[in-house]
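Presented below is the structure to which this report refers.
Values below: all heavy atoms of this structure, side chains included; hydrogens, waters and symmetry mates excluded.
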Amino acid sequence: MAGATFLSTVQAPALLGPRGVAASSSVSSPARRHAHMQVFCKGNVEGFEAAAAEERLQFRRRDLIGACAGTAVGLEMIDGSTRFTGVATAADLIERRQRSEFQSSIKNTLYTAITAKPELVPSLLTLALNDAITYDKATKTGGANGSIRLEISRPENSGLAAALDLLTEAKKEIDSYSKGGPISFADLIQFAAQSALKRSFLDAAIAKCGGNEEKGRTLYQAYGSNGQWGLFDKTFGRTDTQEPDPEGRVPVWSAASVQEMKDRFVAVGLGPRQLAVMSAFLGLDQAATEERLITDPDCRPWVEKYQRSRETVSRTDYEVDLITTLTKLSSLGQKINYEAYTYPKQRIDLGKLKL
């Protein structure tokens, strides 16, 4: 079945880096979206994404240090069309900023690592899928818990060692500047998949512009799906398991039947639609995977839908559904620690305050 794939249309290695440009608008009409486009440098975009995601949290109340326990800051926030007022202590705001800054630094480190080895993008996507899809609803075990680092020799993970090695090296750098403890493999693997997808989306835009990087970045700036990552970014604070997940939960995707693949996705609460949109996660050749999926009557309409979407300028249906599916997948089995990676605030000596 004919249809362009984002892995097969890459013309030149490119990733939205610290000096890159990206923006997204919620306006449905492409023309209006372009008219309302705002341009941010990469550093600002990452901060903007994290802040926008965090602003939709309902903040918990915590005691502030020492005699400032009763001090609170009122925050008026907008979530979609609903206005509400939340209250956060100064300590909450400090922790939010710490996590946001750390997350931005992680993304920059992963950007550099993936730029150096763009051929590992497909393996990074499969690594994230195989780590998360071990989830078992009945026992509430498995999920995106970093267990794949202990399972890398299993048949279903054949060929993924180089991707894991890349992330292991990136982790050393990230841990060296982290003030709130080492990053978990569980977080690292899923955020690497995010970085790999962003790279793929940008490369697809460049390919649509005949390989012209400047025009491709402008296209991605106007029509890209960068702003859809808010919920994904909030799922930050996964804990690593110290034991491998049980064997037999992940098929060897290249050898599995379509029914076996469907069954595995259904077992974790997903379905044919999510299987179709994640075709790039199921092996090195997305087109070959889709040729198999399209023979199944449940998968066929979705495969065709996403092939058509990838041929459009905006690719909205494909990119947004893929981001949504990765977000769901990466949250399987998770109890997020929203204080992870924070560190002690500087204590205030109230005796030195001048009243």
The reported gap from CD1 in I323 to OH in Y318 (rounded to nearest 0.5 angstrom) is 10.5 Å
Residue pairs meeting ring-ring contact (aromatic ring centres under 6.0 Å, His included), one or both in residues 123-152, sequence neighbours left out, come to none
Please determine whether side-chain contact (heavy atoms from CB on, under 4.5 Å) holds for the pair R315 and F201, giving the CA-CA distance in whole Å, both sets of side-chain angles, and the decisive distance to 0.1 Å. CA-CA 9 Å; R315 296 171 25 118; F201 294 167; 3.7 Å; yes
query = Do D92 and Y338 touch side chain to side chain, with heavy atoms closer than 4.5 Å?
reply = no
The side-chain hydrogen bond (donor to acceptor under 3.5 Å, both in side chains) partners of E169 (sequence neighbours excluded) come to K172
Next on the checklist: Less than 4.5 Å apart, side chain to side chain, heavy atoms only: is that true for L231 and K234?
Outcome noted: yes
Taking every heavy atom of L293 against every heavy atom of A276, the minimum-distance pair comes out as CD1-CA, 4.1 Å
Residues P182 and Y341: closest non-hydrogen pair is O-CE2, 3.4 Å
In this structure, CG of L284 is separated from OG1 of T126 (nearest 0.5 Å) by 7.0 Å
_Taking the side chain as everything from C-beta on, heavy atoms only, tell me whether L188 gets closer than 4.5 Å to T168._
no
One should read off an interatomic distance between E243 CD and L150 CG, to the nearest 0.5 angstrom, of 8.0 Å
Correct closest heavy-atom pair for N145 and A186 would be C-CB, 3.6 Å
Interatomic distance, CZ@F265 vs CD@Q274, rounded to 0.5 Å, equals 8.0 Å
So the salt bridge (Lys or Arg N to Asp or Glu O under 4.0 Å) pairs with at least one residue in residues 124-144 (sequence neighbours excluded) are none
side-chain hydrogen bond (donor to acceptor under 3.5 Å, both in side chains) filter on R308, not counting sequence neighbours, yields none
Sorted by chain and number, sequence neighbours left out, salt bridge (Lys or Arg N to Asp or Glu O under 4.0 Å) with D175 holds for K171
Show me the donor-acceptor pairs within less than 3.5 Å that the side chains of residues 152-160 make with the rest of the protein, sequence neighbours left out.
{"unit_1": "R154", "atom_1": "NH1", "unit_2": "D245", "atom_2": "O", "d": "3.0"}
{"unit_1": "R154", "atom_1": "NH2", "unit_2": "D245", "atom_2": "O", "d": "2.6"}
{"unit_1": "N157", "atom_1": "OD1", "unit_2": "N130", "atom_2": "ND2", "d": "2.9"}
{"unit_1": "N157", "atom_1": "ND2", "unit_2": "E151", "atom_2": "O", "d": "2.8"}

* If you measure from the Lys or Arg side-chain nitrogens to the Asp or Glu carboxylate oxygens, is any gap between R99 and E95 under 4.0 Å? -> no
Exercise. Do M278 and L329 have side chains that get closer than 4.5 Å, going by heavy atoms?
Worked result: yes
*Note, C299 side chain near L275 side chain (heavy atom, < 4.5 Å)*: yes
Hits for side-chain hydrogen bond (donor to acceptor under 3.5 Å, both in side chains) against Q190, two or more places apart or cross-chain, chain-then-number order -> none
| message | Tell me whether S309 contacts the main-chain N or O of K305 through its side chain, where contact means a donor paired with an acceptor under 3.5 Å. | response | no
Residues pairing under salt bridge (Lys or Arg N to Asp or Glu O under 4.0 Å) where one sits in residues 176-187, two or more places apart or in two chains, turn out to be D187-R238
The complete set of salt bridge (Lys or Arg N to Asp or Glu O under 4.0 Å) pairs with one or both residues in residues 246-275, sequence neighbours excluded, reads K262-D296, K262-D298, R273-D321
Residue pairs meeting ring-ring contact (aromatic ring centres under 6.0 Å, His included), one or both in residues 171-191, sequence neighbours left out, come to F191-F232, F191-F236
- Query: Are T134 and I148 side-chain neighbours, meaning at least one heavy-atom pair lies under 4.5 Å?
  - Reply: no
Can a side-chain donor-acceptor contact be found between Q307 and E290 if the only test is distance below 3.5 angstrom? yes
Self-check item: Side-chain heavy-atom pair V250, L129 within 4.5 angstrom cut-off
Solution: no
Sequence neighbours excluded, the answer for side-chain hydrogen bond (donor to acceptor under 3.5 Å, both in side chains) partners of E119 is none
The reported gap from OG in S200 to CG in L125 (rounded to nearest 0.5 angstrom) is 6.0 Å
Rounded to the nearest 0.5 angstrom, the CD-OG1 distance for E319 and T312 is 8.5 Å
* Kindly work out whether a path of hydrophobic side-chain contacts (I/L/V/M/F/W/Y, heavy atoms less than 4.5 Å apart) joins L270 to W253. => yes
So do Q194 and D233 actually touch side chain to side chain, heavy atoms under 4.5 Å? yes
The side-chain contact (heavy atoms from CB on, under 4.5 Å) partners of L219 (sequence neighbours excluded) come to A205, K208, C209, Y223, V313
